[in-house]
**Q** 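The structure follows.
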Protein chains: 2
Amino acid sequence: MTASRVLRGEGGYSENTRALVLQKVDELGYLPNRLATVFAGDSSSTFVGVSIPDLGNEVFAQVLEGIDRKLGSFGHQTVLGLTQHTQQQEENWIRTVLSWKPAGLILTGRYHSPRATEMLKNAGIPLVEIWDLNSSPLDMSVGINHFDSGSEMGRYLIGCGYGNIGYVGTSHDTANAATTRLDGFCKAVEGGGGHIVKQLCLHDTATYYTGFYGTEQLLAGTSDIECIFFQNDAMAFGGLQYCLGRGMRVPRDIGIAGWGDLPIASVLPERLTSMHVPHLKLGQAAAEMMLARLSNEPVSACRDIGFHLIPGTTVSAEERR
Amino acid sequence: MTASRVLRGEGGYSENTRALVLQKVDELGYLPNRLATVFAGDSSSTFVGVSIPDLGNEVFAQVLEGIDRKLGSFGHQTVLGLTQHTQQQEENWIRTVLSWKPAGLILTGRYHSPRATEMLKNAGIPLVEIWDLNSSPLDMSVGINHFDSGSEMGRYLIGCGYGNIGYVGTSHDTANAATTRLDGFCKAVEGGGGHIVKQLCLHDTATYYTGFYGTEQLLAGTSDIECIFFQNDAMAFGGLQYCLGRGMRVPRDIGIAGWGDLPIASVLPERLTSMHVPHLKLGQAAAEMMLARLSNEPVSACRDIGFHLIPGTTVSAEERR
DNA sequence: AAGCGTTAAGTTACCCGTAACGTAAAGCGC
DNA sequence: GCGCTTTACGTTACGGGTAACTTAACGCTT
């Protein structure tokens, strides 16, 4: 008991005893068993579960980095969960991670399976739903309005004079932010007098490579597509390379628009038309909300992290006139 | 006790009781407390701690993905630790994560602080040191020989006819794989009759952006550099863009060589000269070694995952003649 | 029906850190 | 020196799951 007091610096021991305890700790290489502390229910755990679709996407990798850095600097540990974009994997992970009594959970997306939702509600721990801003979150939410970001891109492309537009993305078993973006995009394009000629949803991951081959597939047998909107920048970059490789002039022959604003954009001579989302800031904001809730500070339930359109040079109004 | 037996499917209960227990579990939304199980010491935890320098580097993000996917499919959870390339942060993380009694640890690199090394030895749990192949690991090791990979690149550049060579990388407070690579590179270049004109080590992260500005800095006031070797592909790509932007012809005026082979290479028209390392495979191999050790299967202590040179088009023997 | 093995439960103790409480000794004022 | 407070440390109990053990009930054999 005295040793416990010394190690927690709680007071109620002499300087002499303190030195003795610390010497023994060093001598024996003693490490306290946090399991016992948390198990006894005297303090809450320092774990925070963080679920992310995948790390192949640089955006999510950076969100995770932002979260872990912030949590880590406040003595918390990140328990990772990769859901591969499926609700089933998310549900399984939630079940497992909850049995470890985490201090809180940070989840990507607003769509969870019914069982997952029930478990989350029962857990009674702080939750942050990130990425897809949720006006009625389970607990807290931080992200952006994907529908609006899709709309804005749609309006921009229409405004640049593009009429026949294609889309290349990937498909998942469930609703997600990318489909919400696409919804907003289609509404804006059609509302603005444009036309979505073709939507291609590949059963694959959203990478450079799939963007390249998705574009080939999209353009095969179609000659009237004036502009392509991609699910993310990696796919758009793959698509751009395909078009350039086929001798098309971008943006004169075809416009290319991505989403997400990859780091590589900072050094490319041609700036990809895209939508910027502050990734690291998003992760840090999520961690901050979690930490605030854990220390019983007041937190607003929703936080819109914002986005802004990057006009870039792969879409152009002048070239279309 | 009977409920415990039912939930573990251990036997010793009637079908009737089983149904009753399961019904109650469902009714109450009961989740077993894994903390108690592990705490009691009856079974080992399912946590595996994984430390990675940072996630801004796509390579490490993919290694982590490989690890988590494999571990996850065997019912283990990843506890993340980002060390920001410092031994102090690694040590702090190790101390914390060990107090949670993880089943094992996967660490990046072979260099750990003395205290960290001691804690790791005392922990008596499986350890895998990844990335930098360690012939005398603390427990197990999987990765590549960075010195050799640097040498191979050095020999290749010399073989292409480049004599005056520069290097752009980042510096860290401690020894790491990148400096080992540089050592091997320098030895091979000088052994082959070449000359390292200038080595630039920026106090920054190894990204596209730092590669761009590092190259500007390296070339300022020097006119005799024929080829630049970069710490990684992101930096090399930034450097390539700088050179192209300044009207230099690559590889005629200057050769550019990276290291790591980024995914984006698959769609670029010009293939960056680089060194390919199977990232996902590395992560999976690390997880497999960990899992094998945890289930008491025999495991070899070292596993060389291999690398191979990608000649690419940003370095060329013909153009130099 | 007595004796035995089998099955289906229940009981006890333990893991380790700490809250809550107990106690002995020292310190202090008068 | 008495009674009080303060300091320093010790003791007990608890958390939840489970190994190890005990008990009760049942079925089978002879």
**Q** According to the interplanar angle, ranging from 0 to 90°, do the rings of A:Phe47 and B:Trp100 count as parallel (below 30°), tilted (30 to 60°) or perpendicular (above 60°)?
**A**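 It falls in the tilted class, 30° to 60°.
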**Q** Please determine if a side-chain N or O atom of A:Tyr30 lies less than 4.0 Å away from the OP1 or OP2 oxygen of C:dC16.
**A**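 Answer is no, no contact under 4.0 Å.
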**Q** Please report, rounded to the nearest Å, how far the C1' atom of D:dG15 is from the CG atom of B:Leu35.
**A**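 Taking CG of B:Leu35 and C1' of D:dG15, I get 10 Å after rounding.
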**Q** Looking at the base of D:dG16, is there any donor atom on it, or on the side chain of B:Arg34, that sits under 3.5 Å from an acceptor on the other one?
**A**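 Looking at the base of D:dG16, it does not pair with any donor or acceptor on the side chain of B:Arg34 (distance under 3.5 Å).
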**Q** Mind calculating the distance between CZ (A:Phe39) and C1' (C:dT18) to the nearest angstrom?
**A** 13 Å
**Q** In whole Å, what is the span from the OH atom of A:Tyr13 to the P atom of C:dA25?
**A** 23 Å
**Q** Measure from the side chain of A:Asn33, starting at C-beta and using heavy atoms only, and say which of C:dC16, D:dG17, C:dT18 lies closest.
**A** C:dC16
**Q** Let me know, please, whether A:Ala40 or B:Thr2 comes out on the 5' side of the other along DNA chain C by nearest nucleotide.
**A**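 It is B:Thr2 whose nearest nucleotide is closer to the 5' end.
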**Q** Side-chain N or O of A:Ser14 versus OP1/OP2 of D:dA8: is the shortest distance under 4.0 Å?
**A**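 For D:dA8, neither OP1 nor OP2 has a side-chain N or O of A:Ser14 closer than 4.0 Å.
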**Q** Taking for each residue the nucleotide of DNA chain C bearing the nearest heavy atom, is the 5' side occupied by B:Ala36 or by B:Met1?
**A**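 The answer here is B:Met1.
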**Q** So, applying salt bridge (charged side-chain N to carboxylate O under 4.0 Å, His left out) with A:Glu288, which one of A:Lys70, A:Arg293, A:Lys281 is it?
**A** A:Lys70
**Q** Is there a side-chain polar atom (N or O) of B:Thr17 under 4.0 Å from OP1 or OP2 of C:dA9?
**A** yes
**Q** Using only modelled atom types and a 3.5 angstrom limit, is any donor from either the side chain of A:Arg8 or the base of C:dG17 paired with an acceptor on the other?
**A**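 A donor-acceptor contact between them is absent.
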**Q** Assess the side chains of A:Asp68 and A:Thr78: does a donor N or O sit below 3.5 Å from an acceptor N or O?
**A** yes
**Q** Starting at the 5' end of DNA chain D, which residue's closest nucleotide do you reach first, A:Gly12 or A:Gly41?
**A**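 Nearest nucleotide further toward 5': that of A:Gly12.
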**Q** Compare the minimum distances between each of C:dG10, D:dG16, C:dG17 and the side chain of B:Arg5, then state the nucleotide with the smallest one.
**A**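 Of the options given, the side chain of B:Arg5 lies nearest C:dG10.
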**Q** Taking the basic N atoms (NZ, or NE/NH1/NH2) and the acidic carboxylate oxygens, is any pair closer than 4.0 Å for A:Glu27 and A:Lys24?
**A** yes
**Q** Under 4.0 Å from OP1 or OP2 of D:dT18: is there any side-chain N or O of B:Ser4 that close?
**A** yes
**Q** What are the two closest heavy atoms between B:Pro102 and B:Val97, and how far apart are they?
**A** CD-O, 3.1 Å
**Q** Would you mind reading off the distance between A:Leu20 atom CG and D:dA8 atom C1', rounded to a whole angstrom?
**A** 14 Å
**Q** Round to a whole Å and report the spacing from CD of B:Glu10 to P of D:dC21.
**A**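 Whole-Å distance recorded here is 14 Å.
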